[in-house]
Structure formats: C-alpha cells, structure tokens
Amino acid sequence: MSATDNARILDRGYRQFDGQRLGIGSAIRSTAWQTTRSIFGLGRKARHKFFPMAILGITYLIVVIQLAAVFLFGQETAEFLTTNSWQQVAPGIVMILFAALVAPDAIVRDQKNGMFSLYMSTPLTKSTYLAAKSFSVAGSILLITFGPALLYLLGKTIKGLGPDGVGQWFETFARLSVACIVLSLFLCAFGLAFSCFTNRRAIASIVVLLAYLGTSVPSAILYDETNIGKNILLINPIETAYEFGARICNSPSIVDNYGEITTTFIALGFFGWFLASSLILLFTYQKREAI
Amino acid sequence: MELITVSGLTMQFGNHRALDNVDFTVYSGVTGLVGANGAGKTTFMSIALGLRKPTQGTIRVLALEPIREGAELRSLVSYGPERNILPDEMPAVDFVKHLAEVRGIPRKEAKTRASDVLWLVGLGEERFRPIGTMSTGQRQRVKLAQAIAADPKLVFLDEPTDGLDPLARDEVLTLIRQVSEEYGIHIMISSHLLEEVEQICDNIVVLNAGKLVVAGQLDQLTGQSTGIEVELIPIDDRPDAINAVERSLREAGLTVNRKADSTVLRIQDETFETPSNLIRDAVADAGARLHRIQHRRRSLEDIILDTSS
C-alpha cells in the first residue's frame with residue numbers, strides 16, 4: 001500500500017452547492033431551534049442559563065418532592081397534596097414570569113442584534129418568522145406546563161393512584177395534553193404580543209408583567225368592589241386561560257371565584273384574549289420594516 | 001447575463017419619494033450601487049429582496065418577481081446588512097451555519113460550509129470566537145461569510161466597508177472581487193465612496209435623491225477616451241520647452257488645455273484621431289523631454305458630473 005492510498009483532502013475550500021435546497025419547513029425548524037438554544041442559554045455563558053433553568057428546575061422539583069411524599073406516605077398524602085395532574089401545572093405567576101422571560105428573549109434580541117433583517121433576507125417571511133418564534137416559545141413554556149403535570153400523572157399511575165383503567169388514563173392524558181398546549185400557546189401569544197414594542201429585553205419583560213398586573217389587579221378590584229358581575233374576571237387573561245385549562249381537564253377551579261363563570265364565557269374570554277394577543281403581534285410585525 | 005431589470009420603479013413614503021421612476025439593468029459581476037445617504041440605495045435593496053412593494057413600476061431579479069416569488073428568490077440571493085451589530089455571544093461559525101441552514105442548506109452541509117467560508121474570508125482560526133469579541137473588520141468578514149455560505153447566485157451587500165480603515169477596506173474589497181471572480185457569485189454593493197466602486201465593480205448604478213443618474217458597465221462608461229494627456233519633464237536650461245510644445249500643438253489645430261505652470265498638457269480629442277506623430281514632432285522640435293503620453297479616460301466622478309450637468 002502506498003502512502004497516498006490513505007490520503008484525504010482535509011481542506012475542501014469553498015465550493016458550489018449542487019444539492020437540493022430544503023424548503024421553508026427547514027428554515028422554520030432551524031430558526032425555532034436556534035431560538036430555543038438562546039432562550040435556555042445553550043452555547044452561551046452560565047449567567048444566561050440561570051433564570052430559565054432555575055424556573056424549570058423549581059417547577060420540576062416541586063413535583064418530584066410531591067411524588068416522593070406520595071411514594072413514601074401513600075394515598076392519603078396524595079389526596080392531601082393534590083387531586084389531579086392539572087393542579088401540577090405551575091401557578092399562574094410562575095407561568096407569567098417564565099413567559100416574560102422567554103418571549104422577549106425570542107424576539108427582542110433579534111431586533112437589537114440585526115438578526116431580524118437577516119432572517120427577512122432569507123426565505124422566511126414575517127409570518128413564518130413569527131411561526132418559528134412561536135414554536136420555540138410555546139415549546140419552551142410547554143416544558144413547565146406539560147412536563148411537571150405529565151411527570152405527576154406517571155408517578156401516580158406507577159404508584160397505582162392514577163386514573164382508573166386504560167381508557168380513563170388516556171382520556172386524562174389527552175385532556176392534560178390539550179390543556180397544556182392551549183395554555184402554552186396562549187402564554188406564548190400574550191408574551192410575544194406585549195414584548196414586541198421595544199428592542200430592550202428588560203423593558204419588554206417589564207411590559208409583559210405590567211400587562212398581566214394591569215389586567216389582573218383591576219379585575220379583582222372590580223369584582224370585589226362593584227356589582228358588575230363575575231364575568232368581569234375574564235379581563236384577567238392569565239387566570240382565564242388557567243381556568244380554561246382546568247375546564248378542559250375537568251378539574252376543579254384553582255382560581256378563586258372562576259367556578260361561578262360558565263364554560264362558554266370562559267372559552268369566549270380565552271379565545272378573545274388569544275385573538276387579541278395574536279392580532280397585536282401580527283399587526284406590529286406587519287408594520288415593522290425588515291431592512 | 002441580465003440579473004436585475006428595473007422599469008419605472010417608484011417608491012413613495014408619504015411625501016418623500018425614495019425612488020423616482022428608475023430604469024436600469026444590472027448585468028453579471030460586481031455592481032456598485034452608488035449614492036449619498038438617502039439616495040435610495042437601501043430602499044432599492046429591500047425592493048429587490050421582495051421586502052417592500054414598490055409604489056409603481058416593475059422589477060425582476062434573477063428572472064423572478066420579488067413580491068410574488070419572494071421566498072423562492074430569497075433562497076437564491078443573500079444580503080449583508082449595513083449595521084455592524086450582530087449576535088454578540090454567538091461564535092462566528094454557529095452564526096454562519098445557522099443562516100446557511102435557514103437559506104436551505106442541510107445541517108451537515110451547512111456545518112462544513114460555515115467553516116470553509118470562514119477560512120475563505122480569513123477567519124479560519126477565529127471561527128469559534130464569539131462575534132462580540134471581533135473587530136469591525138472581522139465582523140464585516142463574518143457578514144460576507146454568512147452572505148456567501150449558502151452559495152447564492154446574487155449577494156446584496158449594504159455598505160460592506162462601513163467603519164473600516166483604508167487597509168481593512170482594501171482587504172474586504174479584494175475579497176468581494178475574489179468571491180465574484182472565482183466562485184461566480186454576482187454581487188451588488190451599495191456605497192457612497194466612488195473610489196471603492198471604481199476599484200472593484202464591473203457595473204454601476206448611480207442614484208441621487210431617488211433619481212437615476214447613470215447606470216451601465218463601468219468599462220463602457222469610463223472607456224471612452226476624452227483626449228490625450230501629455231506630461232513633460234521640465235528642463236532647467238530650456239525653460240520655454242513646454243510652452244513651445246503647447247504652442248506647436250495649438251498651431252497644428254488641436255485644443256490644448258494647460259493649467260498655469262503645469263507640466264501636463266491635456267489635448268481635447270473630439271474625433272479620437274489625434275495623431276501621436278504630431279505630439280512626437282512637437283516635443284522633438286521644442287527639445288522637450290517626454291515623461292508620459294496616454295489616453296485620458298473619464299473617472300466615475302467625471303461621468304456623474306457630466307450626467308448631472
């Protein structure tokens with residue numbers, strides 16, 4: 001064997017690409033993945049990982065502790081702690097904190113570092129760009145909605161405290177999945193809609209939190225102090241979405257006073273807020289200059 | 001090969017007309033889109049990329065209609081923005097790879113192409129460095145790398161030498177020329193510096209306040225001789241020699257321009273038939289010493305001034 005038989009070309013240099021170009025699906029997938037990496041600080045310094053990982057860790061830790069108690073102390077503890085998996089979905093304030101953290105990271109950064117212009121010079125359009133960002137943000141939020149709830153459902157099932165029978169188990173699983181997806185999409189739309197007005201990430205996070213406070217506080221005051229009626233609570237977007245999830249899961253109301261509102265109004269309130277958030281986002285981006 | 005054809009293109013923003021009934025054709029090679037700030041360069045690029053719908057007129061880029069076939073067009077072209085702001089924490093190789101993937105290159109291929117193209121622009125050793133730690137010149141190279149990584153047919157570079165010192169500017173311009181010549185990627189650069197456009201461009205499009213000043217192939221525009229330039233060397237013991245040459249040429253019927261005390265005689269040549277033997281004889285008879293004799297070509301500045309006037 002001569003020395004050249006094992007020779008390899010190590011530096012191929014620049015060359016033309018003769019293969020098949022992947023379509024818009026690949027562009028969306030790549031953008032969504034890159035955004036998710038950015039949200040969780042992957043490939044970045046440790047300080048960028050801290051907050052998202054901390055929230056993620058806390059939500060799972062709570063479930064793990066509860067499951068440990070259930071495994072150690074049995075049914076009574078399980079019933080004392082929770083009644084079903086929907087209640088393992090993180091509380092609204094944790095949700096909104098997480099949404100206020102990840103949504104600005106997904107879109108505000110692109111405005112500031114010029115990536116938005118670059119994305120617009122690729123096959124991505126404003127709509128497909130927002131779709132990619134939404135996949136990433138909703139997917140990230142799903143990790144703290146669906147993840148802990150599923151973990152709890154599985155834990156209880158293993159312990160023999162889950163839903164009765166295979167049929168009921170799958171029904172519970174399906175309801176939980178739909179509710180978590182719906183809630184994640186909602187939080188994603190809400191978070192993106194209120195963080196798209198600025199190119200400063202911290203300000204965007206504050207705007208999202210203020211939008212939450214600006215709706216939740218007045219709704220509670222108006223409900224308590226006036227005779228407008230229970231439907232006034234629907235102006236609180238996060239708790240309306242939370243309650244909508246509870247209705248999908250056939251779970252008791254977690255939020256005070258929402259139990260009195262009919263499911264039709266809860267659904268109307270939910271879809272109204274979802275539509276409004278989506279329209280704010282789309283309209284803002286439609287007017288935004290790409291270059 | 002026609003890359004871009006523009007006809008009656010107008011872009012109106014409220015009361016401001018960014019492009020005003022512009023017609024031109026861009027051919028293969030490197031094209032300079034020249035104009036002062038606010039001339040309409042960036043507006044034109046955004047229309048060519050299908051990101052803005054013109055108020056009037058038509059444009060075809062690579063035989064595609066940017067608004068109707070925008071996504072398809074943008075998979076064949078690339079863009080390098082003017083701003084030097086890029087994702088600071090991202091290593092250059094990840095940045096280039098990601099944008100190549102978004103432009104339709106499969107993941108594995110994008111990874112190798114990102115490295116290759118960063119080597120090509122001279123950042124091979126630096127490719128794992130976060131972009132935020134790079135100099136302005138290196139960032140300009142990263143912008144060029146991301147633009148060519150997906151092997152586009154046409155690249156739009158908005159002020160690619162913005163913020164660079166003369167040395168770094170020459171290096172980037174040489175790189176742009178090399179990319180076009182060696183890899184057959186057509187490039188349109190916007191610039192407000194005439195000399196850098198003259199240095200590397202095959203074609204030019206000059207805009208002024210949204211109006212087309214001149215467009216065409218640089219060779220054809222500058223190639224027309226505007227006369228002959230004769231430079232003589234002063235001789236101490238024959239101080240009148242240069243005057244004698246000038247006088248002799250005038251007597252022969254030529255139009256000669258000379259600035260006071262200059263050693264250069266500019267012979268206007270309307271017919272392009274100035275007999276060089278006339279000059280030779282005039283120099284010999286006057287006992288003058290010739291330094292150079294050459295056809296005078298128009299500079300880009302001459303073209304713009306002529307067209308504007």
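Lettering of chains follows the sequences in order, A, B, ..., and the numbering in each one begins at 1.
Interface check for chain A: of the options B/Pro152, B/Ser75, B/Ser46, the most heavy-atom pairs under 4.5 Å are formed by B/Ser75. In terms of non-hydrogen atom pairs under 4.5 Å with chain B, the most contact-rich of A/Ala132, A/Pro123, A/Ala27, A/Ser38 is A/Pro123.
For B/Phe95, the part lying near chain A is the side chain, with the backbone staying farther off; criterion is any non-hydrogen pair under 4.5 Å. Using a 4.5 Å cut-off between heavy atoms, B/Met45 does not touch chain A at all. With a 4.5 angstrom heavy-atom cutoff, B/Gln146 touches chain A only via side-chain atoms. Looking at B/Leu73, neither its backbone nor its side chain comes within 4.5 Å of chain A, counting heavy atoms on both sides. Using a 4.5 Å cut-off between heavy atoms, B/Arg83 contacts chain A through its side chain alone, with no backbone atom that close. In this structure, chain A has no heavy atom under 4.5 Å from any part of B/Asp88. The contact between B/Ala150 and chain A is made by backbone and side chain atoms together, counting heavy-atom distances below 4.5 Å. Residue B/Leu49 touches chain A through its side chain alone, counting heavy-atom pairs closer than 4.5 Å.
Between B/Glu89 and A/Arg109 a salt bridge is recorded (basic side-chain N to carboxylate O distance below 4.0 Å). Ion pairing between a basic and an acidic side chain is recognised when a charged N comes within 4.0 Å of a carboxylate O; B/Arg60 and B/Glu2 show no such pairing.
Between A/Phe186 and A/Phe270, the angle of the ring planes lies from 30° to 60°, which puts this pair in the tilted group.
Taking the six-membered ring for Trp, A/Tyr285 and A/Phe116 have ring centres closer than 6.0 Å.
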